[in-house]
Student: 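Right, I'll just put the structure down here and ask away after.
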Amino acid sequence: MPYRDPAAKRLYQRQYMAKRRARQRTVAAAVVPAAPADPVAALEAWAAATLKVPPGHPLAGQPMPLPAFAVDFLRAGWGAHESALSIARKNGKSAIVAVLALGYLCGPLRAEGWRGAVASVSKEKAAELRAQVAAIAEASGLPVTVRRSPYPGAVESSTGALDTLSADRTAGHASGFDLVIVDETGLMPERSRELLAGLRSSVSARGGRVLHISVRGDSPLFREILDNPATVARVYAAPDGAAMDDRAAWAAANPGLGSIKQVSYMEAECARIAGAPGDESSFRAFDLNQALDPTQEMICSPDDLRACFLADPPGREGPCVLGFDFGESISATSAAAIWPATGRLETWMAFGDKPPLRDRQRRDDAPYEAMLSRGELRLYPGRSMRLDPFLADVQADLAGCRVAAAAADSYKDGEAMDFLDRASVPWPIQFRRVGAGKDGGRDYRAFQRLVLQERLRMAENLSLVSAIEKSRVRRDGNGNPALDKAKSNGRIDVLSAAVIAAGLAEPFFDRKPRRAWRYRGMAG
């Protein structure tokens, strides 16, 4: 390595500074323009006249104007301390970052001593954005210098610099910036809160601003930013209940569809995912911009469950089985009943009324108020759920029905038994392990089969759809699946109850009633 030789290092530094001065001399005589009266219009016109698409793109060498939705976003949030654009992938997000940065470095917005920064979920992603800015500048013949050390580097002009920051919690704390662009905030975990705090403080001395461009993801940090009334936000996303092949949903999440992003890509991905359902969450997160973790594996697709919805579901015929998931102050207490003779499924879900439902809804990012108005959710007094009034209501709702079996999650089974004894529940309740073992894996697969084969029949159920959208799957060393409740805030408990009920009920589908309920000694 030449840097190990001090003389070679000094020579390299002299050559680097000579090249930098030579590049800067080409624009040294240029007068820094006065700030334009309409900076967004000036930036839009300059980009269309000056910038070129870099090599490696099908449109390489052609002009690179700002798309209309980007102009609208920049105009709306220009004077805001914090603004956010949430949009599906491959809609020109990197180009928007590059146009804005180059407008300050070499374009109509340049000012002596301007400093900007780009931060992303990783220093590698930040380096990619730095490379994108540099590639567009080179293709457009703009006089900038690219500095790659210290990594991830910077892009500099004669009047300013754009730093790319590594994504650690100290980033930005010791710096002062006029503009900070945060890339993919929606994929940042909770531990990035200190990073964002540092970036916000970095613009305080210069009266600067923070701009986020990201998919929604499942980050609580980005959800707070989008929900904050002080944030100027533009969100392009498919409705939460949209089918994957809904072209109106494609257009809602992809304002660049047909011009920047190809329709043929969306068609091909929908066809591919039909045979690879494990990739659905990634498609929904990245291409429909829904509030999901793109890496999560769901127990089944929400669209698969919707196929089981009926305007007039079958009646309560024959005995039923019950699955329970007993919650605490944070999670929900839930129950699910299945009638194997008809496939009918019903669910119950409940919270304590403290904290207020709206606060709980905001924290969990779940439509609890809509569930309450639909009768799918009930509230009971207190902060911690007491099981006896909930169980009494479930019993009343099932009056006249024969409950042949009931089971619950074995977590804290001793405490649950105390509650059940006090509630005088008339059904014998067994406790099942819901992890990726014998009971949990079997119940999980039973629910999947009953849904995919459309053997469960029910009225439209928002609580269950929401739980499936938020579900995550974990697997043990042998690949056995189970619901992962450790990463949910009480949103999948109704699904957990339904999974337990499905494990109890599946063996009795398609059997004659008398044979079925004598099997394993169940009463009928």
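From a predicted model like this one, the values you see are computed outputs, not experimental measurements.
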Student: Please identify each residue that fulfils salt bridge (Lys or Arg N to Asp or Glu O under 4.0 Å) with K52, with sequence neighbours left out.
Tutor: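 Listed in chain order: nothing, the list is empty.
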Student: Is it the case that the side chain of E376 and the backbone of T347 share a donor-acceptor pair, with hydrogens and angles ignored and the cut-off at 3.5 Å?
Tutor: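 Answer holds: no.
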Student: Could you label the plane-to-plane angle of the Y104 and W78 rings as parallel, tilted or perpendicular, counting under 30° as parallel and over 60° as perpendicular?
Tutor: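 Taking W78 first and then Y104, their aromatic rings lie parallel (interplane angle under 30°).
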Student: Do W114 and S157 touch side chain to side chain, with heavy atoms closer than 4.5 Å?
Tutor: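 A side-chain contact under 4.5 Å is absent here.
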Student: Side-chain donor-acceptor pair under 3.5 Å between D293 and S281, yes or no?
Tutor: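 Absent: no donor and acceptor within the cut-off.
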Student: To the nearest 0.5 angstrom, please state how far the CD atom of E469 sits from the OG atom of S471.
Tutor: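 It comes to 9.0 Å.
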Student: Would you check if the side chain of E156 reaches a backbone N or O of A161 as a donor-acceptor pair within less than 3.5 Å?
Tutor: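 Checking the backbone N and O of A161 against the side chain of E156, no donor-acceptor pair under 3.5 Å is found.
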Student: Does the structure place the NZ or CZ of R234 under 6.0 Å from the centre of the six-membered ring of F73, at an angle of no more than 45° from the ring's axis?
Tutor: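 No - R234 does not lie over the ring of F73 by the 6.0 Å and 45° rule.
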Student: If only atom types and distance count, is the side chain of N228 paired as donor or acceptor with the main-chain N or O of A230 below 3.5 Å?
Tutor: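 Judged by distance alone, yes, a pair lies under 3.5 Å.
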Student: Would D287 and Y265 satisfy side chain to side chain donor-acceptor pair (under 3.5 Å), going step by step from the backbone distance to the final call?
Tutor: CA-CA 10 Å; D287 293 306; Y265 162 80; 2.9 Å; yes
Student: Does N461 reach the main-chain N or O of L464 with its side chain, forming a donor-acceptor pair under 3.5 Å?
Tutor: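 Flag set: sc N461 to bb L464 pair under 3.5 Å.
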Student: Using modelled atom types and a 3.5 Å cut-off, is there a donor and acceptor pairing between side-chain atoms of D183 and backbone atoms of A119?
Tutor: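 No; zero donor-acceptor contacts below 3.5 Å.
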Student: Would S301 and E280 count as having a side-chain donor-acceptor pair, cut-off 3.5 Å?
Tutor: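 Looking only at side-chain atoms, E280 and S301 do form a donor-acceptor pair, the distance falling under 3.5 Å.
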Student: Hey, does the side chain of T50 reach the backbone of A47 with a donor-acceptor pair shorter than 3.5 angstrom?
Tutor: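 Not confirmed, T50 side chain does not pair with A47 backbone.
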Student: Between K470 (side chain) and D364 (backbone), is there a donor-acceptor pair under 3.5 Å?
Tutor: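 Such a contact is absent between K470 side chain and D364 backbone.
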Student: Keeping D246 on the side-chain end and A248 on the backbone end, is there a donor-acceptor pair under 3.5 Å?
Tutor: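 Yes: the side chain of D246 pairs with the backbone of A248.
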Student: Step by step, work out the side chain to side chain donor-acceptor pair (under 3.5 Å) result for S214 and E184.
Tutor: CA-CA 4 Å; S214 175; E184 298 296 21; 3.1 Å; yes
Student: Measure from NZ or CZ of R360 to the centre of the six-membered ring of Y368, then state whether that distance is under 6.0 Å and the direction lies within 45° of the axis.
Tutor: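 No, R360 does not lie over the aromatic ring of Y368.
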